[in-house]
Amino acid sequence: MAASARSLLAASRPSLLRTAFPAARLSSTSSKPVTLKERLAELIPAELENVKQARALHGKKSFGPVIVDQLYGGMRGLPALIWDGSVLDAEEGIRFRGKTIPECQELLPKAPGGSEPLPEGLFWLLVTGEIPTQEQVAELSKDWAARSAIPEFVEEILDRCPPTLHPMSQFSLAVTALNHNSAFAKAYQDGISKKEYWGPTFEDSMDLIAKLPNIAGRIYRNVFGQGKLPAIDASKDYSANLATLLGFGDNDAFVELLRLYLTIHSDHEGGNVSAHTGKLVGSALSDPFLAYAAALNGLAGPLHGLANQEVLIWLRKMQGKIGEDASDEAVKEYIWSTLKGGQVVPGYGHAVLRKTDPRYTAQREFALKHLPDDKMFKLVGQIYNLVPDILLEAGKAKNPWPNVDAHSGVLLTHYGLTQMQFYTVLFGVSRAFGVAAQLIWDRALGAPLERPKSYSTAAIKKIFQDKQ
Ligand SMILES: CC(=O)SCCNC(=O)CCNC(=O)[C@H](O)C(C)(C)COP(=O)(O)OP(=O)(O)OC[C@H]1O[C@@H](n2cnc3c(N)ncnc32)[C@H](O)[C@@H]1OP(=O)(O)O
Ligand SMILES: O=C([O-])CC(=O)C(=O)O
């Protein structure tokens, strides 16, 4: 390990110093596999060089013109951010560190007897760009279980929330409150050097992810009256524990669904509202808890993560109005009535994608395997055959195809998780993986405060008047 990597590792918290020696030595003399933090410490110096080189070679090159419509149009297509965990192609969909969803399903470690990837492995991939071993993933599960308890005062905050407060608001409150024990906030107050930011950011990020199941489980049980929260079992993986906290731990298919769900919702490059918000707030050196709570508030919007709730509400309303086995004609009429009412068809369209979202396809394949005869699944399939043509005929949406949110709720409903107001919380548990991975790298690479330039309409008019 390079000397600089060793000093970076020395900045980590004391319990990890014991294992602060090179990966090669670890694998030959110790039965313990290389930990994620150790591997990260090895990768950082090379990546610092890589970024330096990229900037030296390309730093002054242009991506092309920025047009005024992009300022008014939600910055679509504006190259503006660095995000390493994943890249979104408009036609193909997401790749996590270069790997498609089917490739991740094939390559990432699975639970014994399971066939879906463990999200622990996906996190390792997002952080390092590498596929972890089964052993490394098992260690990560154990590490997260060991960090999973939430402070008593956070439990009390949740217990005092009225059940009428939306689960996403409760989620964001609790994550904000975790900032009380932030290693990064403390280290900053203690005068940590910029070069060492990544260490406590890593610790906070691991704590954040580890504590989300207990927060999500508590919200679910409080709001929907599901009884007392069981304890985390350190011998189980993250998804199995989350399923147990929600009361579905005995259902192997549900646990597998959660593994898939948490894997595919984790990251969608950097420009989406939740990821960008997390990065933006993190750039002010707000700690990962504050940054992620902000991200959750963005995820809670109906055009973003809340769309999974909206899809189920829309489907239920449709069934209420036209019955469960409605004809294509009746469904079409219902879709048109939504559009004519000035509303969006939830779960369809996308700011970047121009084809069916591969996350939708992965969930459809799961449904075909596990619940092919489910009535709601059939309705989702029926809608898939009708909505795109209608959106094309309506002539506005640039992408008439379904996104991830068109499918997720139907799967959860099938297993009895019918409380749709809770669905975005599960999305939020998963999205923490992608945001946390980037926060760690942002602090490791010294990413600066974000501060783009804004203009008033008067200024725009003046600039171009002067140029005429
Ligand atoms: C995890 C996720 O965040 S995935 C997205 C989840 N959100 C949804 O499913 C909500 C429904 N979909 C939408 O509202 C949009 O497609 C978005 C927000 C996802 C993307 O928005 P944009 O990039 O602005 O889409 P686009 O450029 O195609 O929009 C052009 C017009 O088509 C409309 N449009 C886009 N999608 C839809 C839709 N599903 N139903 C009806 N109209 C739509 C837009 O509202 C916009 O109308 P306007 O010109 O009157 O403002
Ligand atoms: O990419 C986007 O804008 C929205 C999305 O699908 C996600 O964040 O998962």
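The analysis underlying the following values was restricted to heavy atoms, covering all of them including side chains, and did not include hydrogens, waters or symmetry mates. All values derive from a computational prediction rather than experimental measurement. Heads up: numbering here begins at 1 and tracks the sequence. In each ligand, atom 1 is the first atom listed, and ligand 1 is the first ligand listed.
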Near ligand 2, which residues have a heavy atom under 4.0 Å away from one of its atoms?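 These residues qualify: H268, N272, H304, H350, R359, F427, R431.
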
Donor-acceptor side-chain pairing of S274 and R431 below 3.5 angstrom: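 Per modelled atom types, S274 and R431 side chains form a pair under 3.5 Å.
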
Less than 6.0 angstrom separating the ring centers of [X] and [Y], yes or no?
{"X": "F184", "Y": "Y197", "result": "yes"}
{"X": "F433", "Y": "W124", "result": "no"}
{"X": "H407", "Y": "F377", "result": "yes"}
{"X": "Y261", "Y": "F366", "result": "no"}

Quick one: sort the W314 and Y334 rings into parallel, tilted or perpendicular, breaks at 30° and 60°.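 Answer is tilted, since the angle falls between 30° and 60°.
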
Centre of F464's six-membered ring, under 6.0 Å away, within 45 degrees of the axis: is that where NZ or CZ of K461 sits?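 Not flagged: K461 not positioned over aromatic ring of F464.
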
Strictly distance-based, threshold 3.5 Å: is any side-chain N or O of D204 a donor or acceptor partner for the main-chain N or O of S182? no

Side chain of E324, backbone of K375: donor and acceptor closer than 3.5 Å?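 No, E324 side chain to K375 backbone: no donor-acceptor pair under 3.5 Å.
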
Any idea which residues sit under 4.0 Å from ligand 1, heavy-atom distances?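 Heavy-atom contacts below 4.0 Å: R76, L303, H304, A307, L339, V344, V345, P346, G347, Y348, G349, H350, A351, L391, K396, A397, K398, N403, V404, D405, F427.
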
